[in-house]
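First the structure, in the form of structure tokens, and then the observations on it.
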Amino acid sequence: MSLTLEEFTANAESGESVDPALSPELQSLWLAKAGDWHGSHDIAQDIGSKMGSAIHGYLHRVEGDIWNANYWYSRAGRPNRENQDGLDEEWAALVEENL
């Protein structure tokens, strides 16, 4: 499946169910955009890669748990994002990395 960021965002915001053909990373990000933090987190915590850790960090940043977010960013080899771009920008960058 080949989607643009705009298509992915529109589909996730539309209330459509997550496409099971998507990678776990994109499924997690879809659910995050759709407002299902717990569903997104359930998937992200089972992704054992650095990307999974980056998504996990993003989710804890959304939650406001900055200490936990920074732990996961560290595991992902990424800088602390607390004082960087906004949550929407970070989400879009993660999606683009995974499309």
Carboxylate-amine/guanidinium proximity below 4.0 Å for Arg78 and Glu97: yes
Contact check, side chains of Asn70 and Trp67, non-hydrogen atoms, under 4.5 Å: no
Measuring from atom CG of Asn98 to atom CE of Met51, what distance do you get when rounded to the nearest 0.5 angstrom? 4.5 Å
Inter-residue atom distance Asp46.CG - His41.NE2, 0.5 Å rounding: 9.5 Å
Look up atom CD in Glu96 and atom CG in Leu29, then write down how far apart they are to the nearest 0.5 Å. 11.5 Å
Close side-chain approach of Leu94 and Glu90, heavy atoms under 4.5 Å: yes
Give the intermediate values and the outcome of side-chain contact (heavy atoms from CB on, under 4.5 Å) for residues His60 and Trp37. CA-CA 9 Å; His60 283 292; Trp37 187 93; 4.2 Å; yes
Parallel, tilted or perpendicular: which fits the ring planes of Trp72 and His56, with parallel below 30° and perpendicular above 60°? parallel
What distance do Ser2 atom OG and Glu7 atom CD have between them, rounded to the nearest 0.5 Å? 7.5 Å
Is the side chain of Gln27 donor-acceptor paired with the backbone N or O of Leu22 at a distance under 3.5 Å, no angle test? yes
Would you call Leu5 and Trp91 a side-chain contact if the rule is heavy atoms closer than 4.5 Å? yes
Is the closest side-chain heavy-atom distance between Leu87 and Tyr58 below 4.5 Å? yes
Check whether any side-chain heavy atom of Ser74 lies under 4.5 Å from a side-chain heavy atom of Asn80, and answer yes or no. no
Stepwise side-chain contact (heavy atoms from CB on, under 4.5 Å) check, Ile55 with Leu59: CA-CA 6 Å; Ile55 294 168; Leu59 290 169; 4.2 Å; yes
For the atom pair OG (Ser40) and CD (Gln45), what is the distance rounded to the nearest 0.5 Å? 10.0 Å
Can you find a pair of side-chain heavy atoms, one from Val95 and one from Glu25, that are under 4.5 Å apart? no
Would you call Thr4 and Leu99 a side-chain contact if the rule is heavy atoms closer than 4.5 Å? no
